[in-house]
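These notes concern the structure reproduced below.
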Amino acid sequence: MLLVLDIKQIRETPDFVRQRLATRGAGDEALVDQILEMDERRRRLLTEVERLKAERNRASKEIGRMLAEGKTAEAEVRKQETRVLGDRIAELDRQVMEVDQQRDALMLRIPNLPHETVPLGRSAEENQVVRVHGEPPRFEFPPRAHLELCERLGLVDFARAAKVAGSGFALYMGRGARLERALIRFMLDLHTRDHGYTEVWPPLMVGPACLEGVGQFPKFRDQYYGVAEGDDPLQLGRLYLIPTAETVVANLHREEILRESELPIRYCAYTPCFRGEAGAAGVGTRGLIRMHQFDKVELIQITRPEEGYAAHEAMVQHAERVLQMLGLHYRVVLLCSGDLGFASAKTYDLEVWAPGQGSYLEVSSVSNCEEFQARRMRLRFKDAHGLNRHPHILNGSGTALARLYVALVETYQQADGSVLIPPALRPYYGEERILP
RNA sequence: GGAGAGGUGGCUGAGUGGUUGAAAGCGCACGCCUGGAGAGCGUGAGUACCCCAAAAGGGUAUCGGGGGUUCGAAUCCCCCCCUCUCCGCCA
């Protein structure tokens with residue numbers, strides 16, 4: 001009953017589905033045959049059990065009629081006969097449920113099909129840079145890394161963050177905290193005022209159904225923080241800390257049937273994001289680049305399928321606008337099939353230049369998940385013909401904070417050790433520079 | 001956390017074991033009426049799945065979720081979830 005890719009699509013065009021899945025290079029296409037087999041078994045069982053149920057329903061009505069007419073003896077006989085049907089039905093029902101579960105479990109493991117405009121490739125190396133904005137800034141001195149800048153200016157206290165929460169957390173202090181807040185407000189204002197998004201301030205914990213809905217479950221179960229209430233171990237896993245606002249906000253309309261006139265829906269949310277990042281320790285773990293908790297302003301759109309890709313392009317530009325207004329050098333990267341996220345059909349990453357790192361940092365990922373998530377969360381809209389269809393769901397960071405912070409202080413650092421605040425941010429930060 | 005009440009179709013709301021997928025009202029769609037609108041009248045309309053080449057048609061499931069009793073469950077029993085009211089606690 002839970003359709004991930006449309007089971008009909010798999011049934012009708014298995015070769016196409018297999019071929020598209022194969023471009024991801026993860027071997028998921030092997031699931032297709034298993035699913036088809038399950039599906040066939042399921043339908044055979046269903047046809048049989050439904051026939052029996054129809055028969056039983058008829059018999060029951062007949063018994064009702066007999067009793068009403070006072071033919072108790074006859075009714076008793078009929079009851080006896082019908083009881084046997086019940087046993088057979090129960091047995092078949094059990095089998096149907098079993099096959100259902102197996103099929104659904106397989107379906108949940110199938111990632112989205114890459115869009116036809118996605119370049120083929122195996123890994124991040126084959127991603128395509130589609131445009132570059134600006135130039136890397138020049139320095140008359142060796143630019144410092146953000147870690148040093150932040151510590152010297154007292155913006156972030158990593159030691160105390162580690163003391164209270166362990167490694168992988170940041171403690172923004174004083175002007176550092178104010179800068180974080182300024183960035184959040186700047187982005188929220190930009191997207192709500194200029195780009196037509198409605199601001200949302202959502203819960204930071206969600207049930208597992210939401211994680212499943214956006215495609216983070218079942219595949220990446222171990223990367224999320226589950227919370228427990230008190231010491232009750234039974235409570236563990238009933239709620240999870242959100243790894244991104246997408247997890248909550250994309251699910252806001254789950255199991256609804258929207259009116260077409262309500263589309264497109266555009267939401268913008270600031271939230272902290274919590275990630276276990278299992279197995280990622282060791283690489284770039286110092287500083288603000290990879291953390292268990294970071295801030296992010298997220299964009300979500302729910303659109304008619306016809307408009308999904310136009311909205312996708314627009315959304316990339318909404319995220320780019322942040323970087324442009326902050327005067328940062330960045331590039332837009334189109335992910336290749338092998339680097340695509342589980343739920344996404346097409347993704348652009350925004351990578352901002354961090355002079356102190358001497359590298360680009362991913363600060364935004366803008367994806368069109370097409371109908372994939374809508375199907376998993378049973379979100380539909382009624383079109384002009386009264387037909388229920390799945391909308392496209394898009395998400396994009398607009399943008400992630402911590403890495404943006406890195407790029408910002410590294411880009412705007414001065415020879416005297418101060419950090420200039422770019423003009424667009426000054427109304428929010430309140431001053432023109434952060435002095436040593 | 002304690003006590004109570006309740007979850008039925010887009011909404012309100014009837015229904016306590018048998019042609020009830022579910023009265024009635026509102027809302028909605030279409031048609032008639034109208035110069036046009038309204039009122040009025042009529043018709044239609046949930047969702048998912050299965051059978052059928054398709055359409056037509058037929059069937060199954062669905063009254064918060066799951067399990068049970070029964071020939072038969074919206075109706076009876078058990079467990080869970082959620083909402084509301086009162087009390088307690090708390091930012």
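In what follows, chains are A, B, ... by sequence order, proteins preceding strands, each numbered from 1. Predicted model, so just to flag it, every value in this text is computed and none were measured.
- By the 6.0 Å contact criterion, CE on A/M205 is open, its count of non-hydrogen atoms from other residues, nucleotides or ligands being 12 or less.
- Taking atom P in both B/rC87 and B/rC78, one finds a spacing of 30 Å when rounded to whole Å.
- Residues A/D295 and A/Y405 bring no donor and acceptor atom of their side chains to less than 3.5 Å of each other.
- Under the side chain to side chain contact (heavy atoms under 4.5 Å, CB included) rule, A/I393 has a single partner from A/E370, A/Q301, A/M377, A/E246, which is A/M377.
- Side-chain proximity of A/S60 to B/rG72, B/rC49, B/rC51: nearest is B/rG72.
- Geometrically, A/R178 engages A/Y429 in a cation-pi contact, judged by NZ or CZ lying under 6.0 Å from the ring centre and within 45° of the ring axis.
- Comparing the C1' positions of B/rU62 and B/rU8 gives an interatomic distance of 12 Å, to the nearest angstrom.
- Between the side chains of A/T247 and A/Q216, at least one donor N or O lies within less than 3.5 Å of an accepting N or O.
- Proximity note for A/K61 (side chain, C-beta onward) versus B/rA48, B/rG21, B/rC50: the nearest is B/rG21.
- Between A/N57 and the phosphate of B/rG72, there is no side-chain N or O to OP1/OP2 separation shorter than 4.0 Å.
- Put simply, A/R83 has a side-chain N or O that comes within less than 4.0 Å of OP1 or OP2 on B/rC71.
- Using a 4.0 Å heavy-atom criterion, one finds that A/R380 contacts the sugar-phosphate atoms exclusively.
- The gap from the C1' atom of B/rC81 to that of B/rG64 amounts to 8 Å, rounded to the nearest Å.
- Atom CD of A/E37 has 12 or fewer heavy atoms from other residues, nucleotides or ligands within 6.0 Å.
- Proximity note for A/I257 (side chain, C-beta onward) versus B/rC71, B/rC49, B/rU47: the nearest is B/rU47.
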Exercise. What dot-bracket string describes RNA chain B from 5' to 3', counting Watson-Crick and G-U wobble pairs whose defining distances are under 3.5 Å, with [ ] for crossing pairs and | for pairs to another strand?
Worked result: ((((((((.[[[..)..(.....]]].(((((.......))))).((((((.....)))))).[[[[[..)....]]]]])))))))....
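- Of the P atoms belonging to B/rG65 and B/rU75, the separation is 11 Å, rounded to the nearest Å.
- Comparing the P positions of B/rG27 and B/rU20 gives a spacing of 27 Å, expressed to the nearest Å.
- Taking atom NZ of A/K382 as the reference point, atom P of B/rC28 lies 16 Å away to the nearest angstrom.
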